[in-house]
Amino acid sequence: LFRSVHPIFLDEMSRQMAIKVENMISTGQDTQVHREILKNYCNMVQQNGAKGFSPTMQRVLIHVSQHLFDTDLTLQNTASSLNLNKTYLANLFKKETHGTFTTYVNGKRIDHAIFLLNSTTENIQQIASSCGIPDVTYFTRLFKQQKGMTPSEYRKMISNS
């Protein structure tokens with residue numbers, strides 16, 4: 001199972017779960033946090049497992065995860081960094097992920113925004129920038145498109161639950 005997930009994903013999940021453990025208030029929370037760690041690990045394997053992708057696509061996905069928060073993460077820059085033709089990469093991405101490069105990157109960025117909205121008190125502008133999207137209006141539009149509500153509405157919803 002570990003072989004199908006690149007260590008960079010394991011490292012990020014470990015960092016996120018360490019924050020959860022550090023923020024525990026009572027010993028009774030340990031069971032809940034343990035379940036959450038297992039659930040998140042299973043989700044991470046599902047979302048980030050490289051098994052089933054060609055070696056080239058595995059390199060691309062690792063590159064994307066390493067540069068996800070760079071504002072200049074584009075298909076062209078990724079192709080150049082990996083010595084690939086841009087059109088070839090676009091076609092390969094579509095063939096293996098059934099979506100576009102931009103849709104994939106934006107989805108991963110919004111997933112990270114959800115994590116930050118759940119675990120920090122950063123304002124929406126800071127979260128947008130932390131996700132590699134410095135334009136808060138664009139970030140809000142992407143978030144609403146993917147989640148059906150704005151980041152502010154999402155934060156309000158989680159604080160009421």
Review point. Do any N or O atoms from the side chain of S129 and from the backbone of Q126 form a donor-acceptor pair under 3.5 angstrom?
Key: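 Such a contact is absent between S129 side chain and Q126 backbone.
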Exercise for review: Would you check if the side chain of R59 reaches a backbone N or O of L82 as a donor-acceptor pair within less than 3.5 Å?
Suggested key: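 Confirmed, R59 side chain pairs with L82 backbone.
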Review point. Per the ring pair (Phe, Tyr, Trp, His ring centres under 6.0 Å) rule, which among Y104, F53, Y88 passes with F93?
Key: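 Of all the options given, the one that passes is Y104.
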Check your understanding: What residues form a side-chain hydrogen bond (donor to acceptor under 3.5 Å, both in side chains) with D135, not counting sequence neighbours?
Key ->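 Per chain and number, D135 pairs via side-chain hydrogen bond (donor to acceptor under 3.5 Å, both in side chains) with no residue.
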**Study point:** Counterpart residues, side-chain hydrogen bond (donor to acceptor under 3.5 Å, both in side chains), relative to Q76 (two or more places apart)
**Key:**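 If we apply the side-chain hydrogen bond (donor to acceptor under 3.5 Å, both in side chains) test to Q76, skipping adjacent residues, the hits are S80.
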**Study point:** Shortest non-hydrogen contact between L68 and V105, atoms and distance
**Key:**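 Here L68 and V105 meet closest at CD1-O, 3.8 Å.
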Which distance, rounded to the nearest 0.5 Å, do you find between the [atom1] of [X] and the [atom2] of [Y]?
| X | Y | atom1 | atom2 | value |
| --- | --- | --- | --- | --- |
| N91 | K86 | CG | NZ | 11.5 Å |
| I110 | I133 | CD1 | CD1 | 5.0 Å |
| N77 | T71 | CG | OG1 | 9.5 Å |
| L73 | T102 | CG | OG1 | 9.0 Å |

Check your understanding: Can you list the steps and then say if Q145 with N106 is a side chain to side chain contact (heavy atoms under 4.5 Å, CB included)?
Key -> CA-CA 11 Å; Q145 187 178 40; N106 287 339; over 6 Å; no
**Study point:** Aromatic plane relationship, Y154 with F143 - under 30° parallel, 30 to 60° tilted, over 60° perpendicular
**Key:**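 Correct class here is perpendicular.
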